[in-house]
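Index from 1, following the sequence.
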Amino acid sequence: IAMYSMGLPDVWLRDGWNYVELAASLGSLGLILYVHLGYSENIMLLASVVSLFNWMKVLCLMKSFSQPIATFVLMTFEIIHNLGSFLTVMIVCIAMFGNALYLVIGGVEYDLHDGDQPFLTWTATSKTLYSFLFGQFDKASYDDAWSFALFLFYSMLVVIILLNVLIAIVGDSYDSVLVKSEEMYWR
């Protein structure tokens, strides 16, 4: 009752690291039960998810080593937290241009040296546009004027503008974490 009067359950619920520890512990327990009961299908998928949570738990523990490590770990998760709106806009832009390019040049099989078919389906078109963010594109795939115009507009909007917004978001998050670094180390 004293813990409830001090608001400790609310504090525990608001700390995301507690959920990581809970997921890692329950996932490990679930993995043990899964193997013990003889279910072997999709065990690697469950094991990989549990592994991710356990490594996140290691990151949580690393926060106590030193203030610079705590600042860096907390900054990383602060940046991930702040990217939610940006990623939503980015995904919608990729889907939007993926749909437009698929309607213009989709379903066409290309004779590429690696056997890749970048515009055969809407999903493949969106994956092609996503890989374009990292510099992987073939200018020859955009053979008509409208598809090339879409390609240029996508380049301008997503690659130049949105990636610069991403840099600004990361920079702002970094600055705000550095200002609060000592406070964040002790929490």
Side-chain angles (χ1 to χ4, degrees), residues 16-17 19-20 22-24 26-27 30-31 34 39-60 72-177:
W17 291 105
Y19 293 107
V20 169
L22 185 64
L26 290 177
L31 189 59
Y34 200 71
Y39 299 111
S40 60
E41 293 180 24
N42 299 327
I43 192 75
M44 297 312 284
L45 176 64
L46 180 61
S48 69
V49 170
V50 170
S51 174
L52 285 173
F53 280 112
N54 280 318
W55 279 107
M56 286 177 24
K57 193 173 176 180
V58 169
L59 281 176
C60 179
F72 184 73
V73 169
L74 292 169
M75 176 195 55
T76 302
F77 285 97
E78 179 86 12
I79 289 170
I80 290 169
H81 174 71
N82 291 341
L83 287 179
S85 300
F86 171 79
L87 290 176
T88 303
V89 171
M90 179 75 97
I91 289 168
V92 167
C93 286
I94 290 172
M96 174 177 66
F97 282 99
N99 189 40
L101 277 170
Y102 176 70
L103 291 173
V104 173
I105 56 177
V108 176
E109 291 195 28
Y110 288 89
D111 187 23
L112 300 176
H113 64 289
D114 59 0
D116 191 25
Q117 297 298 321
F119 305 106
L120 193 58
T121 64
W122 177 77
T123 307
T125 304
S126 296
K127 286 179 183 176
T128 300
L129 290 179
Y130 177 75
S131 65
F132 177 69
L133 293 173
F134 303 104
Q136 299 175 352
F137 69 94
D138 183 12
K139 196 170 60 173
S141 301
Y142 309 98
D143 49 3
D144 64 66
W146 179 242
S147 65
F148 191 69
L150 284 172
F151 169 75
L152 288 178
F153 190 58
Y154 175 79
S155 302
M156 193 68 144
L157 177 70
V158 175
V159 176
I160 295 173
I161 295 173
L162 285 182
L163 288 183
N164 280 310
V165 169
L166 173 66
I167 292 168
I169 290 170
V170 170
D172 288 345
S173 298
Y174 180 75
D175 289 342
S176 72
V177 168

Any chance you could measure [X], atom [atom1], to [Y], atom [atom2], to the nearest 0.5 Å?
X      : Y      : atom1 : atom2 : answer
Tyr102 : Leu150 : OH    : CG    : 15.5 Å
Leu87  : Leu162 : CG    : CG    : 10.5 Å
Trp146 : Phe151 : CH2   : CZ    : 15.0 Å
Phe72  : Phe77  : CZ    : CZ    : 10.5 Å
Ile79  : Ser176 : CD1   : OG    : 8.5 Å
Leu157 : Ile94  : CG    : CD1   : 10.5 Å

What pair of heavy atoms forms the shortest contact from [X] to [Y], and how long is it?
X      : Y      : answer
Gly98  : Leu129 : N-CD1, 3.2 Å
Ser126 : Ala95  : OG-CA, 4.4 Å
Ala24  : Lys57  : CB-CD, 4.1 Å

So [Y] and [X], do their side chains get closer than 4.5 Å, heavy atoms only?
X      : Y      : result
Thr121 : Lys127 : no
Leu101 : Ser147 : yes
Val165 : Val89  : no
Met90  : Leu133 : yes

Please state whether the rings of Tyr154 and Phe97 are parallel, tilted or perpendicular, taking 30° and 60° as the class boundaries.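 Geometry flag for Phe97 against Tyr154: perpendicular rings.
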Taking atom OH of Tyr174 as the centre, report whether more than 12 heavy atoms of other residues, nucleotides or ligands fall under 6.0 Å from it.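 No, not enclosed.
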